[in-house]
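Single-structure report; data block below.
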There are 4 protein chains.
Amino acid sequence: MFNGIHEECGVFGIFENAAANVAQKAYLALYALQHRGQESCGIAVNDDGVFRHRRGDGLVPDVFTAQSLAALGEGNAAIGHVRYSTSGGSGRNNIQPLVIRHVKGNLALAHNGNLTNALQLRRSFELQGAIFHGTSDTEAIAYSIVKHRISCASTQEAVSRAMDELCGAYSCVLMTATKLIVFRDPYGFRPLCIGKTKSGAYVAASESCALDAVGARFIRDIRPGEILTISSGGLSSDTTHCGKTAGGLCVFEYIYFARPDSVIEGASVHKARVRAGEFLAEESPVDADIVIGVPDSGLDAALGYSRKSGIPYGVGFIKNKYIGRSFIQPSQDMREDAVRIKLNVIRENISGRRVVMIDDSIVRGTTCARIIELLREAGAREVHVRISAPPFKYPCYFGTDVEGEGELIACKYKSCKQIARAVGADSLSYLSVSAAHRLAQNVSLDFCDGCFTGNYPAPAPQRCEKDKYETKLSEARANGKF
Amino acid sequence: MFNGIHEECGVFGIFENAAANVAQKAYLALYALQHRGQESCGIAVNDDGVFRHRRGDGLVPDVFTAQSLAALGEGNAAIGHVRYSTSGGSGRNNIQPLVIRHVKGNLALAHNGNLTNALQLRRSFELQGAIFHGTSDTEAIAYSIVKHRISCASTQEAVSRAMDELCGAYSCVLMTATKLIVFRDPYGFRPLCIGKTKSGAYVAASESCALDAVGARFIRDIRPGEILTISSGGLSSDTTHCGKTAGGLCVFEYIYFARPDSVIEGASVHKARVRAGEFLAEESPVDADIVIGVPDSGLDAALGYSRKSGIPYGVGFIKNKYIGRSFIQPSQDMREDAVRIKLNVIRENISGRRVVMIDDSIVRGTTCARIIELLREAGAREVHVRISAPPFKYPCYFGTDVEGEGELIACKYKSCKQIARAVGADSLSYLSVSAAHRLAQNVSLDFCDGCFTGNYPAPAPQRCEKDKYETKLSEARANGKF
Amino acid sequence: MFNGIHEECGVFGIFENAAANVAQKAYLALYALQHRGQESCGIAVNDDGVFRHRRGDGLVPDVFTAQSLAALGEGNAAIGHVRYSTSGGSGRNNIQPLVIRHVKGNLALAHNGNLTNALQLRRSFELQGAIFHGTSDTEAIAYSIVKHRISCASTQEAVSRAMDELCGAYSCVLMTATKLIVFRDPYGFRPLCIGKTKSGAYVAASESCALDAVGARFIRDIRPGEILTISSGGLSSDTTHCGKTAGGLCVFEYIYFARPDSVIEGASVHKARVRAGEFLAEESPVDADIVIGVPDSGLDAALGYSRKSGIPYGVGFIKNKYIGRSFIQPSQDMREDAVRIKLNVIRENISGRRVVMIDDSIVRGTTCARIIELLREAGAREVHVRISAPPFKYPCYFGTDVEGEGELIACKYKSCKQIARAVGADSLSYLSVSAAHRLAQNVSLDFCDGCFTGNYPAPAPQRCEKDKYETKLSEARANGKF
Amino acid sequence: MFNGIHEECGVFGIFENAAANVAQKAYLALYALQHRGQESCGIAVNDDGVFRHRRGDGLVPDVFTAQSLAALGEGNAAIGHVRYSTSGGSGRNNIQPLVIRHVKGNLALAHNGNLTNALQLRRSFELQGAIFHGTSDTEAIAYSIVKHRISCASTQEAVSRAMDELCGAYSCVLMTATKLIVFRDPYGFRPLCIGKTKSGAYVAASESCALDAVGARFIRDIRPGEILTISSGGLSSDTTHCGKTAGGLCVFEYIYFARPDSVIEGASVHKARVRAGEFLAEESPVDADIVIGVPDSGLDAALGYSRKSGIPYGVGFIKNKYIGRSFIQPSQDMREDAVRIKLNVIRENISGRRVVMIDDSIVRGTTCARIIELLREAGAREVHVRISAPPFKYPCYFGTDVEGEGELIACKYKSCKQIARAVGADSLSYLSVSAAHRLAQNVSLDFCDGCFTGNYPAPAPQRCEKDKYETKLSEARANGKF
């Protein structure tokens with residue numbers, strides 16, 4: 001709600017055996033994946049080899065009306081994408097799915113993640129005459145596949161060759177005239193799973209909640225490095241790239257990005273968050289009268305903290321559900337009310353109480369400080385902040401916009417005591433990194449905890465020299481190009 | 001979220017001692033009151049006797065942009081209104097606040113409630129040459145006040161005389177060139193309270209959450225029958241009409257309409273809902289493994305049920321927070337997914353469990369049935385529905401659109417057993433009416449429980465003969481004219 | 001195109017003998033009358049006594065979409081209105097048609113003109129308890145009719161009584177449950193005519209071009225002072241108020257306001273404008289090579305000047321037809337291009353020539369000066385400006401916004417020579433007032449030439465003391481309230 | 001207004017020597033070129049090597065608001081484009097200017113015309129790994145230039161090499177980090193000219209009216225085959241491709257597409273249209289009382305016919321200037337009024353007269369027939385239609401959408417007599433092809449008259465086999481891909 005960290009995308013694909021209302025299914029799925037990207041979205045439909053698509057800035061309901069959805073028509077396959085991206089004039093061309101024409105016909109590609117060698121790839125393609133319409137790394141993936149496609153017998157083979165030269169994070173859904181190809185980088189940074197509807201259609205999605213949204217049964221997660229091809233002949237899997245590296249599943253997916261009702265690699269996101277609260281209660285106990293969560297993302301962990309600590313769970317805040325992007329920030333003299341209008345305290349539960357307040361992250365600390373102030377105004381005797389994640393201090397190169405810069409409160413101060421003082425809390429603790437690794441039960445993959453530790457499972461990108469013809473670096477980064 | 005019953009309005013007023021940004025304060029307050037009316041809204045500003053206003057169809061952010069808010073300018077007083085109303089061409093003129101010119105200057109009026117003698121009043125005014133622009137009863141209140149104003153020494157005296165002839169429910173905020181007059185019918189059907197900001201401005205609002213939103217301290221509720229006048233000379237109260245009748249505070253405000261963070265007549269709405277859950281646990285216990293609430297309105301009572309019963313509280317559903325009014329209903333073959341896309345089950349918490357599911361109401365039962373089906377699909381062994389309100393079976397004439405008609409599931413079936421069968425639950429119970437009366441602790445007013453019992457504290461309206469020049473009866477009713 | 005003087009309204013009414021698509025006919029008619037008011041518009045439909053209406057700010061296509069037009073449904077009668085009015089928040093309530101409910105049922109009223117005793121009337125009604133929603137004089141007309149309706153046998157009789165107390169300009173269309181009543185003030189300031197469609201429906205409109213637009217045959221003009229009632233029984237005319245005063249038809253309707261394809265009181269507007277050019281050629285001849293008109297309003301008179309003088313007619317300018325209200329004014333350094341982007345010179349016709357440039361008015365002179373500059377840049381040897389109207393120097397109280405203030409170039413300078421120098425012309429002449437009276441041939445009415453001479457056929461309004469509770473005088477004036 | 005033939009594009013470019021408000025100048029220029037394309041438009045700004053752009057569907061004022069224009073910022077160069085194109089989801093990617101990144105930096109390209117070997121070129125690039133985002137031939141031009149750029153010393157040299165392989169019509173403006181390159185195919189199908197502003201900036205545009213709009217002085221037309229490079233070092237021209245072929249300037253630019261105030265190859269478009277009327281009077285004289293033009297495009301020729309024939313010129317129709325794209329077509333029973341609402345007859349000028357009606361084209365004849373019917377209703381004794389162009393019967397492959405199909409009235413009937421009968425005229429004549437060649441005086445280029453004669457100066461495209469993965473042929477054609 002108030003945070004500045006974002007997942008960068010969500011992808012979806014569906015493959016029916018006959019013409020069907022695939023655009024509407026993609027629409028429903030994108031609604032379920034909206035939390036993974038609110039800046040733009042798009043759907044491409046495959047109508048027997050002819051591709052129709054619509055993409056636009058804004059939320060799913062901004063871009064897709066009954067009319068525009070109908071204009072996409074029926075098809076036997078479709079892919080969709082939601083994107084978090086910078087605003088501004090230059091962003092338009094990066095909206096996905098990428099829909100292109102190459103020598104073998106039409107291709108549509110939706111990508112979640114971030115290549116670490118995108119600039120190097122772009123340069124090498126440009127030297128062969130390539131032109132790029134946008135600044136995203138998705139075009140680089142497309143060129144790589146298309147280049148190999150010329151000499152390969154099939155698109156899935158071309159994807160496999162392309163994966164030899166792609167570095168970094170990519171969970172992709174690729175649509176050709178006759179197939180849906182779902183592939184995931186060998187580290188498995190971003191989630192990706194498949195399911196099947198009652199009518200027999202295969203669907204692929206970043207999170208299982210999107211399978212639920214279209215009434216599909218979850219089958220399994222795509223393996224890191226796997227290339228799964230769905231065609232009228234059924235499924236076929238190429239696992240050549242599997243198992244070559246240790247895993248790198250982003251632990252923040254469980255803590256923060258994914259929807260609680262999703263199940264990733266067999267572990268419930270909701271349950272992982274409840275467990276984060278339980279671990280917090282073990283690691284950072286405190287004597288208090290009530291445990292509250294900051295809506296919506298702190299509520300699950302608050303429940304866990306309450307269960308483990310035995311301190312009663314209660315409702316601390318009401319979130320105004322009508323505040324949206326068109327809310328006009330109050331003027332200077334009312335600036336402080338920006339948080340108050342979004343969150344209001346249930347005074348009866350707070351007044352005279354010692355409060356444990358659970359949130360899933362602190363970015364700059366200003367919002368946290370204001371929320372604590374509201375609790376004090378409502379009569380809280382003590383406020384103990386517990387964060388259901390470790391502090392992030394290092395940049396993420398694999399598909400989120402965690403920057404690891406000086407503005408982060410965890411970079412600014414050395415100790416929890418100092419941070420507690422800065423935000424006005426009586427005490428403050430984070431979840432330990434080792435606990436973070438235990439949140440998701442029975443997951444066989446290793447996790448990436450680079451944003452907490454600075455240790456990355458895959459090489460961080462080599463910094464290229466600043467390109468004088470490009471947009472400013474900050475913009476470029478935000479555009480997913482690094 | 002899925003219900004068809006609505007509160008009809010929310011009102012707000014502010015009186016500063018000097019020119020100030022009253023429009024922005026009204027804007028923030030209307031945001032806090034948005035749950036009381038989503039169809040239209042408006043703000044009128046008093047700039048030293050000159051009134052400016054803006055009203056429109058839609059939510060607060062639809063009607064007020066930074067530009068339109070700025071165009072309202074500064075003023076020393078303002079009133080605002082949110083309205084639930086029918087859609088359609090004829091509705092426009094009923095948007096409030098009503099802003100009029102009469103012999104003594106400008107008047108603006110915002111009204112929450114429903115007159116039961118509106119038609120009779122309109123007719124009598126028409127016989128004297130009155131013209132009505134809309135179909136709402138608010139114009140009748142205005143005419144009554146204006147008529148008496150001619151012979152009265154002050155507007156508050158005219159309000160008092162008007163109250164002699166107004167029947168039914170009205171919680172009003174009236175703005176004149178120099179005063180803000182806040183008045184409430186002698187039964188006190190709808191809530192109304194006042195507060196004071198740090199800068200010394202008085203504010204009045206339907207609910208205390210709107211006081212919080214503008215940083216005002218709660219002072220007290222307006223008494224049923226009270227006329228409170230705020231001017232540069234301070235407050236003055238006319239209590240002539242107080243105490244003449246038994247109270248009639250709508251008990252549904254606590255159960256359903258009001259925001260949980262509001263305090264009405266000294267009782268916390270949140271707490272009343274938790275108590276509803278506790279009473280339910282006492283009245284309708286059941287052996288189960290988990291208590292869940294239907295978001296958002298069933299969550300508080302679920303917590304109460306869990307506390308009292310000792311059955312663990314858990315999260316049953318994730319609500320998709322992006323689904324808004326522009327969501328396109330799925331086509332015929334996906335109709336059943338309309339609920340699924342809005343609510344998704346946390347399977348881990350439900351699978352193999354005996355579930356107590358708490359909601360605050362059932363209207364037709366179709367949504368309830370579909371939700372239960374989702375729980376079954378997720379593996380629930382048993383589903384026990386507990387409704388944190390008594391069944392409503394009778395029409396409300398005092399400011400809500402409860403109709404008491406045959407479509408209501410509680411009118412259609414005689415027993416809870418039958419209803420349980422109809423929605424597919426293993427058991428189903430409602431809160432008792434007597435428990436409903438005990439939800440709000442320490443409230444000195446009597447409650448209206450007419451929609452549950454058919455016993456109304458004030459006379460129901462005499463049915464007038466159908467007026468052949470009017471819109472159809474159903475529309476008329478929806479327009480608050482009965 | 002560039003001028004600051006405006007007609008204030010256009011009205012339309014249709015009466016069918018059975019349910020028909022009257023809303024669409026009104027829509028087409030308002031399109032034809034759009035030149036009489038671009039700020040707001042509205043349509044009210046009478047569906048067997050039930051009235052539906054839609055009104056809004058903006059042009060006809062802004063307010064009426066296929067959907068909103070369909071929502072008005074079928075009916076046996078409809079009225080419509082286009083309005084020129086001030087912008088801003090308070091203007092909304094003045095949008096017409098006024099649709100009200102009174103003791104005898106529904107009424108809808110559309111008014112073109114301006115009452116000179118509106119304030120006095122409003123005050124007297126307010127003393128009897130009336131409330132006004134807007135600031136326009138249309139509500140005063142409605143109150144007057146409604147007041148008399150109580151004691152009169154019919155609405156047309158009430159209209160007749162109301163006309164006893166209404167002063168000033170009013171061409172009105174009034175719709176009741178069963179009738180359409182068309183009436184015009186005894187001076188006949190504003191035009192009003194009736195026609196009949198092939199299907200037998202009667203239509204009334206401000207100008208005959210609206211009759212053409214709905215495929216109706218022109219029957220005749222409404223007489224000054226006439227009350228024409230259209231019902232299922234046919235037409236009936238009340239001429240009690242006819243002939244009591246000299247006529248006062250606005251001569252500017254022919255020169256400027258009306259559409260060239262309209263015929264008013266038997267005289268073609270186009271022809272009157274051609275004659276204006278002919279008279280100009282007689283009164284202010286000049287030796288020149290080409291006669292050009294400033295598009296679009298100067299073209300007809302240019303043709304007349306050419307015919308009478310024998311100097312060839314040519315095209316001087318191309319007007320960019322895409323420049324609309326959303327055109328963004330160029331920045332400071334390009335300010336001068338504001339005119340250039342709208343009008344471009346046909347250099348081939350101007351270069352090296354002595355040019356007679358005809359326009360229908362000069363307001364402040366800045367646009368005229370810039371246009372002359374463009375002609376000089378294109379190589380014009382001489383530029384002789386001829387204005388096809390007398391200079392307006394006095395305020396109009398009868399339905400236009402001519403103000404007669406110091407900003408008018410004709411008030412600022414004493415002689416045509418001075419004005420010519422100010423705008424950079426080699427010579428400049430206006431049409432004489434006596435010629436203006438001869439523009440429209442065979443019109444039996446006398447004309448009002450008050451804005452040229454200060455002599456008004458009817459009393460100018462008594463200035464009321466400034467009302468401290470009202471909006472500023474300039475706004476009030478602009479709102480048609482004086 | 002009513003016609004179904006369209007020019008396909010307009011281009012603009014500006015090169016300043018320092019940072020300036022180039023986006024606003026492009027905006028004004030696109031407004032002036034709006035008649036060349038109303039479906040989409042775009043502007044790209046070069047801010048010292050960094051490119052920002054905005055493109056969108058709709059008219060210039062739809063796409064560019066004050067805010068979006070400001071977001072483009074300042075720059076030292078900019079290019080702009082207006083496009084006529086098909087509607088629909090797939091069209092988006094064809095909006096120009098094309099803005100791409102290649103190995104040497106950023107490129108932006110705006111193109112007016114149509115390649116005849118686009119499919120062949122696309123295929124050859126695809127075989128080398130190219131991907132195409134859209135279906136327009138503009139991407140093919142870009143690939144060709146980029147491919148050659150790798151081995152060439154400069155972009156202008158790459159353009160020259162590209163021109164060796166491009167066939168068909170192309171008038172282009174290309175922006176690199178440091179240059180503006182303006183080039184035109186060797187036939188000179190579409191116009192293209194340059195000018196210079198007072199501040200020393202060079203501008204290029206499809207028509208001279210756009211130079212006027214930005215206050216630039218016309219310098220000269222770009223020669224067919226010329227590559228003109230504008231950089232901080234001034235102008236340099238590469239004329240290698242000049243003079244290799246006979247000219248092919250589209251004669252329809254003079255008759256129909258271009259704005260009358262433009263001057264193309266030294267000849268005034270307005271004057272050419274007047275001359276068309278004069279030639280018509282010589283070739284097809286008739287005894288009549290008045291000559292009228294169908295607004296707006298028939299007015300110039302009507303003036304010419306009148307001058308040469310001596311028959312008085314008059315105004316026959318008033319065009320409703322408010323009818324725009326949002327006009328709702330009347331329902332079935334009012335279908336015939338579609339024309340009437342747009343055009344109304346000045347009865348006074350027509351009644352009892354023998355009329356010569358001039359228009360610039362007839363497509364299907366239905367509109368023409370309806371207009372003649374309106375003249376008859378207004379009392380015209382005779383109606384003689386004169387078309388100021390020869391009949392077009394053959395497809396155009398060089399940048400317009402003239403199709404030469406059976407729906408064209410000139411393909412359907414063999415003689416003018418038959419066509420006259422079909423539209424209800426007393427007589428009907430077209431301009432002769434030989435006269436068409438003489439319209440534009442002193443033009444040294446040869447003209448293309450392929451749409452009249454079927455003789456094309458350049459080879460028509462070879463028909464490729466239908467591509468099964470592409471959109472339907474009709475769509476492909478409409479997209480400019482053939």
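Between the OH atom of B:Y322 and the CD atom of A:Q38 there is a distance of 3.5 Å, given to the nearest 0.5 Å. To the nearest 0.5 Å, atom CG of residue A:D296 and atom NZ of residue B:K321 are 5.0 Å apart. The OG atom of A:S268 lies 6.0 Å from the CD1 atom of B:I346; values are rounded to the nearest 0.5 Å.
Using a 4.5 Å cut-off between heavy atoms, B:V345 contacts chain A through its backbone alone, with no side-chain atom that close. For chain A, no part of B:F317 is nearby; none of its heavy atoms comes within less than 4.5 Å. Looking at B:L69, the atoms closer than 4.5 Å to chain A (heavy atoms on both sides) all sit in the side chain, from C-beta outward.
Each of B:N349, B:V274, B:D300, B:L374 has some count of heavy-atom pairs under 4.5 Å with chain A, and the biggest count is that of B:N349. Ranking A:G314, A:S306, A:P61 against chain B, the residue ahead of the rest is A:P61, based on heavy-atom pairs under 4.5 Å. Contacts with chain A were tallied for B:A29, B:P312, B:G215, B:A32; B:G215 has the most, counting heavy-atom pairs under 4.5 Å. The candidate from B:E348, B:R307, B:K271 with the greatest count of non-hydrogen atom pairs under 4.5 Å with chain A is B:E348.
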Could you check A:R347 against B:D261 for side chain to side chain contact (heavy atoms under 4.5 Å, CB included), going step by step and ending with a plain yes or no? CA-CA 7 Å; A:R347 208 176 304 250; B:D261 51 330; over 6 Å; no
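B:N344 places no side-chain N or O within 3.5 Å of a backbone atom of A:A213 that could act as its donor or acceptor partner.
When side chains are defined from C-beta on, A:I323 counts as touching B:Y31, because their heavy atoms get closer than 4.5 Å.
Scanning all heavy atoms of the two residues, the minimum distance from B:R340 to A:D212 falls at CD-O, 2.6 Å.
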